[in-house]
Amino acid sequence: MGAGPRTGGFRFWFATRRWDWSPEVYRMHGYVPGEIEPTTDLLLAHKHPDDRAQVAEIIARSIAAGEPFSSRHRFIDTRGVEHQVMVVADRILDDDGRAVGTTGFYIELSSVIADAEQHALEARLPEMVDARAAIEQAKGVLMRVYGIDAKQAFDLLKWRSQETNVKLRALAEQLLAELDEMPPAPSTIRTSFDHLLLTVHERILH
């Protein structure tokens, strides 16, 4: 895959069904920014045939329940190039606290960060050395929640750091600090993990 935007933002308004794409999302799909008006039909037409129904269901559920959505899926751009992306969103609330839309971002999971870019990042963020433990823990959380690998998790953290102008270390530490506010895992997951923890030694090859 050629070099191109790896992240981009969007907004979707429930009442009007209007999509607003950032220039990066236009380019991801192969369009010049503003060339076309993004619609749900256009969005779904670009989805990989095997993923289209899943994404359509997620969008419909988001509209019906006034909830944000996250999805990992594939889409095909105008050149026929397949992209694997993760889409994460949050609600847009009006002055009365009612959900009127959803806003979020795409992150390209199939892209590769060049070594030069990685070195530049490390030069810009020297605190990474001291904050390695927090960053690694935050990566682990993202890997488990979104089903992505370590590099993709780091790409996601790095992008959120740049997008929000918040240092990577601070972002990772705050994410970990607020995990306690999340609902507890269902008992079935804890039971399964208990079994895994108590039996994992049996499956180690000596």
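These numbers come from the heavy atoms of this one structure, side chains and all, not from hydrogens, waters or symmetry mates. Sequence positions, counted from 1, serve as the residue numbers for this chain.
When the shell of 6.0 Å around CD of E178 is examined, it contains more than 12 heavy atoms from other residues, nucleotides or ligands. Annotation for R74: atom CZ counts as buried by contact number, over 12 foreign heavy atoms lying within 6.0 Å. Around CG of D96, the count of heavy atoms belonging to other residues, nucleotides or ligands within 6.0 Å exceeds 12.
Looking at heavy atoms from C-beta onward, Q54 lies out of side-chain contact with E57 at the 4.5 angstrom threshold. At a threshold of 4.5 Å between non-hydrogen side-chain atoms, the residues V100 and W13 count as touching. Contact check for I59 versus L43: side-chain heavy atoms found under the 4.5 Å cut-off.
Taking each heavy atom of A172 and A138 in turn, the nearest pair found is CB-CB, 3.8 Å. Shortest non-hydrogen contact noted between L44 and R52 is O-NE, 2.8 Å. When all heavy atoms of A99 and R91 are compared, the closest pair comes out as CB-CD, 3.9 Å. Taking both residues in full, the closest heavy atoms of E24 and G8 are given as CB-CA, 3.8 Å, listed atom of the first, atom of the second, then distance. Taking all atoms of both residues into account, the shortest heavy-atom contact from S71 to V55 is OG-CG2, 4.2 Å. Nearest heavy atom pair, residue E37 against residue L42, reads O-CD2, 4.1 Å.
Residue H46 is tested with Y106, Y31, Y26 for a ring-ring contact (aromatic ring centres under 6.0 Å, His included); the sole match is Y31.
Considering CG of L171 and CD of E163, their distance stands at 11.5 Å, rounded to 0.5 Å. The structure places CG of L157 at 11.5 Å from CD of Q162, a figure rounded to the nearest 0.5 Å. Between Q174 atom CD and L179 atom CG the span is 10.5 Å, to the nearest 0.5 Å. Note that NE2 of H48 is 11.5 Å distant from NE2 of H73, once rounded to the nearest 0.5 Å. Here the straight-line distance linking atom OG1 of T40 with atom CD1 of I63 works out to 6.0 Å at 0.5 Å rounding. To the nearest 0.5 Å, atom OG1 of residue T164 and atom CZ of residue R160 are 6.0 Å apart.
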Trace of the side-chain contact (heavy atoms from CB on, under 4.5 Å) decision for V85 with R72:
CA-CA 6 Å; V85 295; R72 180 175 177 175; over 6 Å; no
Show, in sequence, the C-alpha distance, side-chain angles and deciding distance for F75 and M28, and conclude whether the side-chain contact (heavy atoms from CB on, under 4.5 Å) test is met.
CA-CA 10 Å; F75 70 83; M28 278 184 180; 3.9 Å; yes
After noting the C-alpha distance and the side-chain angles of E108 and D155, does the key distance pass the side-chain contact (heavy atoms from CB on, under 4.5 Å) rule?
CA-CA 9 Å; E108 176 86 56; D155 282 356; over 6 Å; no
Using the side-chain contact (heavy atoms from CB on, under 4.5 Å) rule, take F105 and T7 through it: C-alpha gap first, then chi angles, then the decisive distance, then the call.
CA-CA 7 Å; F105 60 90; T7 57; 5.7 Å; no
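Residues satisfying the side chain to side chain contact (heavy atoms under 4.5 Å, CB included) test with R79, not counting sequence neighbours, are D77, V81. Legend: residues meeting side chain to side chain donor-acceptor pair (under 3.5 Å) with T102, ordered by chain and number and at least two apart, are absent.
Each of V25 and I76 belongs to its own hydrophobic cluster when Ile, Leu, Val, Met, Phe, Trp and Tyr are linked at side-chain heavy-atom distances under 4.5 angstrom. Hydrophobic clustering (ILVMFWY, side-chain heavy atoms < 4.5 Å, transitive): F10 and V32 are in distinct clusters. When hydrophobic clusters are built by joining Ile, Leu, Val, Met, Phe, Trp and Tyr residues whose side-chain heavy atoms come closer than 4.5 Å, directly or via intermediates, W159 is grouped together with V145. Both V88 and L176 belong to a single network of hydrophobic side chains, linked directly or stepwise wherever heavy atoms of I, L, V, M, F, W or Y lie under 4.5 Å apart.
In this structure, the ring of F12 has its center less than 6.0 angstrom from the ring center of W19.
A salt bridge links D94 with R98: at least one charged nitrogen is closer than 4.0 Å to a carboxylate oxygen.
A distance-only check finds a donor-acceptor pair linking the side chain of Q152 to the backbone of L109 [under 3.5 Å].
Listed by first and then second residue, the side-chain hydrogen bond (donor to acceptor under 3.5 Å, both in side chains) pairs involving residues 137-149 are E136-K139 (not counting sequence neighbours).
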